[in-house]
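A short write-up of the structure that comes next.
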Protein chains: 2
Amino acid sequence: MTYCLAIKVRDGMVFASDSRTNAGLDDYRSHTKMFTYSIGDRCIVILTSGNLSTSQSVFHMIENDLKSPKDGVNLNTCTDLEEMASYLGKLALENSTVSDEQIQGNVNFSSFFILGGQIKNQEQKIFLIYPEGNYIECSDNSPYFQIGETKYGKPILDRVIDTDTSLGDAARAAIVSLDSTMRSDLTVGPPIDFVVYKKNQINLDVKDRFKFDSPYFVNISEIWHEKLIASFKDLPSFEWEEN
Amino acid sequence: MTYCLAIKVRDGMVFASDSRTNAGLDDYRSHTKMFTYSIGDRCIVILTSGNLSTSQSVFHMIENDLKSPKDGVNLNTCTDLEEMASYLGKLALENSTVSDEQIQGNVNFSSFFILGGQIKNQEQKIFLIYPEGNYIECSDNSPYFQIGETKYGKPILDRVIDTDTSLGDAARAAIVSLDSTMRSDLTVGPPIDFVVYKKNQINLDVKDRFKFDSPYFVNISEIWHEKLIASFKDLPSFEWEEN
């Protein structure tokens, strides 16, 4: 499995993805699920979950198209982020559609994608792209998207994130959400690829890769655990408890 | 969907279940998923998730068997909790097995069960019973079982629960786990049926039903939310943050 997360708040965006892939617990590896692209007037981050082969094919085609666009379209030629989402959706559908003769057994070739970024003088946007190629946009009402193993890490987001959340809090929430997921689910694992994209700063300078032993990650993970336990110990007693 | 939870610690056991059932978001109802039985030397709690029709048939057969045991077996005649788990497994399998002619479309008739309790002068035990009729027992290494929509509420259990946890903390963790799940998932909803079964006290006196507006539930839910947000606000800043 996979866990990827993108948050959009007023001051910027946060992208995070784990890097564990597996075909059963006896066959797991580490692959990045984040693709970043930064040139000229635009910076783009793409996250993916689902069939790794499909996802990698899509990333490969994006790179090929940047060298020589097949249909005259690539991440550079798109005039806005909607056009990029549509382009990515087309690649996702093409690569997950396998002819009946090719299918061996009950394999799911689908991949989901999150695409977010900003083109100079335009707004920051995030899209969730379905395997069928259609997509939806992040809004003030839904300021984050998750793909993959989404449930363990959702409660903290629902408590903390809205569009007025500071960029720092959004970034901390992303790390806590990943940390909670990794504690409960072996199919999500480090390193975590992590990007903070400040509004109107057309660069991806705040980019990091956290392992289990990265100092900031260890620090935030331990402090959060201690504070959570302390908070829990302060909850009111039941009448039936002896004291 | 459903969320049921049973925890076994040194001083006793906690059982909790939501009561929302649905066949789509436009057709949801409230049904208890907890069956309690308390007579003579034994108290038993059963929780269920999955196909409501199968679960209700099983509960009905348990009650019928108590009046006139079909094969000479009921919750009273069983000499230990393993025998009860085996009896319940048999009922679960019988009721979920539908002949090919009866199946209309792709309906899943399976139900899962959690059975826990204590017979006087025996140990407290909890079993998870699969639709196939087999079962596993709660142990010191795995002091809780969940069925249904398990993921949202698992992180807090993984942080708090071990076999040395006090019964009060186990009960609070169960409520927090249900609360987190209900905030993130519309298919899990109140009222919450709730039983605390103290070790060697062969009664289910501590039994409650929490709605969204029950004072203790509101209290613990609000305090937990406030403390969580306060803890979150205390997490260390990133280097790139302005102060």
Side-chain angles (χ1 to χ4, degrees), chain A residues 11-12 14 149-161 165-173 175-177 179-185 194 196 198 201 205-208 215-216 219-243, chain B residues 11-12 14 149-161 165-173 175-177 179-185 194 196 198 201 205-208 215-216 219-243:
Chain A
D11 297 334
V14 177
E149 190 60 274
T150 60
K151 295 184 179 179
Y152 300 107
K154 188 167 184 284
I156 184 66
L157 302 177
D158 286 337
R159 288 181 193 272
V160 169
I161 300 293
T165 305
S166 75
L167 195 55
D169 278 349
R172 277 181 285 279
I175 290 184
V176 168
S177 179
D179 181 41
S180 294
T181 305
M182 294 193 301
R183 280 173 187 259
S184 287
D185 190 332
F194 194 73
V196 176
K198 294 185 190 177
Q201 299 195 357
D205 289 351
V206 183
K207 193 171 164 183
D208 217 330
Y216 185 83
N219 194 19
I220 211 165
S221 173
E222 281 179 1
I223 293 175
W224 178 245
H225 184 70
E226 279 161 23
K227 285 187 176 290
L228 217 70
I229 298 297
S231 301
F232 186 80
K233 291 287 176 198
D234 275 351
L235 289 177
S237 294
F238 291 93
E239 283 170 18
W240 49 263
E241 282 183 272
E242 298 148 16
N243 274 310
Chain B
D11 297 334
V14 176
E149 190 60 272
T150 60
K151 295 184 181 181
Y152 300 108
K154 188 168 186 281
I156 185 65
L157 302 176
D158 286 336
R159 288 181 194 271
V160 170
I161 300 293
T165 305
S166 75
L167 194 55
D169 277 349
R172 277 181 286 277
I175 289 183
V176 168
S177 179
D179 181 42
S180 294
T181 306
M182 294 193 301
R183 281 172 186 260
S184 287
D185 190 332
F194 194 74
V196 177
K198 293 186 192 176
Q201 299 195 359
D205 290 348
V206 184
K207 194 171 163 182
D208 217 329
Y216 185 82
N219 194 19
I220 211 165
S221 172
E222 281 179 1
I223 294 175
W224 178 245
H225 184 70
E226 280 161 22
K227 284 188 177 289
L228 216 69
I229 299 296
S231 301
F232 186 79
K233 291 287 176 196
D234 275 351
L235 289 178
S237 296
F238 292 93
E239 281 169 20
W240 49 264
E241 280 184 274
E242 296 147 16
N243 293 310

Is A:Glu149 in contact with chain B via its backbone, its side chain, both, or neither, using a 4.5 Å heavy-atom distance? side chain

Please classify the contact of A:Leu167 with chain B as side chain, backbone, both or neither, using a heavy-atom distance under 4.5 Å.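 Both parts, backbone and side chain.
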
In the structure I gave you, are the side-chain heavy atoms of [X] and [Y] within less than 4.5 Å of one another anywhere?
X        : Y        : value
A:Trp224 : B:Leu228 : yes
A:Leu235 : B:Ile175 : no
B:Asp208 : A:Phe238 : no

Heavy atoms only, distances under 4.5 angstrom: which of A:Ile223, A:Thr150, A:Val160, A:Ile156 has the most pairs with chain B? Name it, please. A:Val160

Contact part of [X] toward chain A, heavy-atom cut-off under 4.5 Å: side chain, backbone, both or neither?
X        : answer
B:Ala230 : neither
B:Ile229 : side chain
B:Glu239 : neither
B:Tyr216 : side chain

Look up atom [atom1] in [X] and atom [atom2] in [Y], then write down how far apart they are to the nearest 0.5 Å.
X        : Y        : atom1 : atom2 : result
B:Arg159 : A:Phe232 : CZ    : CZ    : 12.5 Å
B:Arg172 : A:Asp234 : CZ    : CG    : 10.5 Å
B:Lys227 : A:Lys233 : NZ    : NZ    : 13.5 Å

Residues forming a side-chain contact (heavy atoms from CB on, under 4.5 Å) with A:Asp205, sequence neighbours excluded: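 A:Asp205 satisfies side-chain contact (heavy atoms from CB on, under 4.5 Å) with A:Asn203 only.
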
Residues that B:Lys154 engages under side-chain contact (heavy atoms from CB on, under 4.5 Å), provided they are two or more places apart: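 By the side-chain contact (heavy atoms from CB on, under 4.5 Å) rule, B:Lys154 matches A:Tyr152, A:Ser184, B:Tyr144, B:Gln146, B:Asp158.
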
Ranked by heavy-atom pairs below 4.5 Å to chain A, first place among B:Ala173, B:Ser231, B:Ser166 goes to B:Ser231

Please find the pair of heavy atoms, one from A:Ala171 and one from B:Trp240, that lie closest to each other, and give the distance.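 Closest heavy-atom pair between A:Ala171 and B:Trp240: CB-CZ2, 3.9 Å.
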
